[in-house]
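Since the structure is predicted, the reported quantities are computational estimates derived from the model, not experimental observations. Order of the sequence lines sets the chain letters (A, B, ...), proteins ahead of strands, with each chain counted from 1.
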Amino acid sequence: MNITEEQLMLLYLGELDPKEAERLLQSAEVCAQLRQLEADMQAIENQTEHHLPDDYGHQLWDRIADRIVSEPKRQRPSIWQQISQWLSAPQFSMASIMLVGVLVVSAYWMGRQEQSDMNVDLTNQLLAQNIQMHLTQSEIFLTQAKNRGLGNDQLQTMAQRLLTSNRIYKRAAVNHEGQHTALLLSNLEQILLEYANGAPSESTTLPALQDKSNRGQELLFQVKSMKQQLAKDDHII
Amino acid sequence: MTGVKPDMKHEVSQQWIDQAQAGDAMAFRQIVLHYAKAVNALAYRYTKDVHLAEDIAQDTFIKAHQALNRYQSEAKFSTWLLRITTNTSIDYLRKANRQMAMSLDCEDGQIDVPVSGGEDQVALQDSLGHAMNRLTDVERLAITMKHHQGYSIAETAAKLNLNDNACKQTIFRAVRKLRQQLLTEVSA
């Protein structure tokens, strides 16, 4: 059976009338041509893949985080806020609606209290999981810094990347009353900042290097402990 | 459709989407981590330009964040996000004005095939990379939208401001060019 090149392409692209496609696919010759076209396109597909580093997602987030975080939250005002606005409207008499208002608010408060606790728990849990991931990356960084496993440029780049995330998590930990976590992230920030501004040069004095190394080891221990604690509690501390 | 190759088999958890819609930046971070590679890879398919793909990926996620409340969970999140990627890529290429205006005048299906320097996989990959580079922007957009993203010819034509027949011919021309390049490389 003869098939034109355009028909073959339309068949491949799924744009041919189903009945026409069915008729053409009864021919072994057409099937062979279609398989060849599929194989060609697959070969092109395989050979033109774009390879990205494993941590590309983290890199991309670090580049856009400031713009995302600085955007105002688009949460709708709570029902309580809506009721407050409604109550404060001059056309309604506060006295006449007070009784109804108290009843509504009481009922709402009792229901909301439960929901609010659930939301706080969930948010706290998600934050704890995110901070654990961040601490894992920081642990890798501190180990590399300690063992000098990476060049100064690589350490600097890695520190700059971690610094942005660290600041976000520190702020979040403070907001969730995670004092211990915030303190650790604050200590971590100091070390990251030093590396982000440039790892120690050859001319740095030996005591200064030893001091930095000691602080790094101590911090590494704290990071590991905090990770275990967060994994155990699944909650910001 | 035979040619569609989904980029993402696993969707991000609906929980992250809900949290991100409520304004949680860290939940949105999870979304970025999940889809970053797929978005960049698609942008690269459209542009064949590493820097442009990076810009498009960043812009896509910022636009997605701004429009997050408009996302309806009836549709797959990846489909929604990759549509933003497609639209952003088209915008970028239009702004860059790379060949977009001229591409439809180029009816000649012949391409200059570079002399193959070797038979190994790297040389083949380079050559096929060149083949994709040699497609015009419209051809690359059309073939990727149709073949890779599963748009219909009518949808592709509408997005690219072409009539259906011109769009069809553009896709055919792109497939011919790629196959010709592959044939030359394999037989070299």
**Request:** Show your reasoning for whether side chain to side chain contact (heavy atoms under 4.5 Å, CB included) applies to A:I168 and B:R29.
**Result:** CA-CA 11 Å; A:I168 295 167; B:R29 176 178 180 271; over 6 Å; no
**Item:** Contact check, side chains of B:Q30 and A:M133, non-hydrogen atoms, under 4.5 Å
**Value:** yes
**Asked** Any side-chain heavy atom of B:R176 sitting closer than 4.5 Å to one from A:E5?
**Response** yes
**Prompt:** Within a radius of less than 6.0 Å around CD of A:Q179, do more than 12 heavy atoms belonging to other residues, nucleotides or ligands occur?
**Reply:** no
**Prompt:** So do B:L33 and A:H58 actually touch side chain to side chain, heavy atoms under 4.5 Å?
**Reply:** yes
**Complete:** Only residue of A:L8, A:L37, A:L13 satisfying side-chain contact (heavy atoms from CB on, under 4.5 Å) with B:V175 is A:L37
**Request:** Measure the CZ-CE distance between B:R179 and A:M9 for me, rounded to the nearest 0.5 Å.
**Result:** 7.0 Å
**Item:** Test item: B:K168 and A:E6 side chains (from C-beta on) under 4.5 Å apart, heavy atoms
**Value:** no
**Asked** Which heavy atom in A:L60 sits nearest to a heavy atom in B:A36, and how many Å separate them?
**Response** CD2-CB, 3.7 Å
**Request:** Look at atom CD of B:E155 and say whether more than 12 heavy atoms of other residues, nucleotides or ligands are closer to it than 6.0 Å.
**Result:** yes
**Atom pair CD1 (B:I171) and CD (A:E15), whose distance is rounded to the nearest 0.5 Å** = 7.5 Å
**Item:** Contact origin within A:L52 toward chain B - heavy atom pairs under 4.5 Å
**Value:** both
**Prompt:** Does the side chain to side chain contact (heavy atoms under 4.5 Å, CB included) test come out yes or no for B:I143 and A:M41, once each step is laid out?
**Reply:** CA-CA 11 Å; B:I143 186 72; A:M41 295 305 284; 4.2 Å; yes
**Message:** Heavy-atom count check: over 12 atoms from other residues, nucleotides or ligands less than 6.0 Å from A:E22 CD?
**Reply:** no
**Residues forming a side-chain contact (heavy atoms from CB on, under 4.5 Å) with A:A172, sequence neighbours excluded** = A:L127, B:M26
**Item:** Side-chain heavy atoms of A:W61 within contact of B:F61, under 4.5 Å
**Value:** no
**Request:** Side-chain contact test, heavy atoms from C-beta onward, threshold under 4.5 Å: evaluate it for A:Y12 versus B:H147 and give yes or no.
**Result:** yes
**Request:** Apply side chain to side chain contact (heavy atoms under 4.5 Å, CB included) to A:L10 and B:I153, showing your working.
**Result:** CA-CA 10 Å; A:L10 287 173; B:I153 284 181; 4.2 Å; yes
**Prompt:** Taking C-beta and beyond as the side chain, do A:D40 and B:L178 meet within less than 4.5 Å on heavy atoms?
**Reply:** no
**Prompt:** Which pairs with one or both residues in residues 50-65 of chain A pass salt bridge (charged side-chain N to carboxylate O under 4.0 Å, His left out), sequence neighbours excluded?
**Reply:** A:D54-B:K37, A:D55-A:R161, A:R63-B:E54
**Asked** Are side-chain heavy atoms of A:I68 and B:Q66 found at a separation under 4.5 Å?
**Response** no
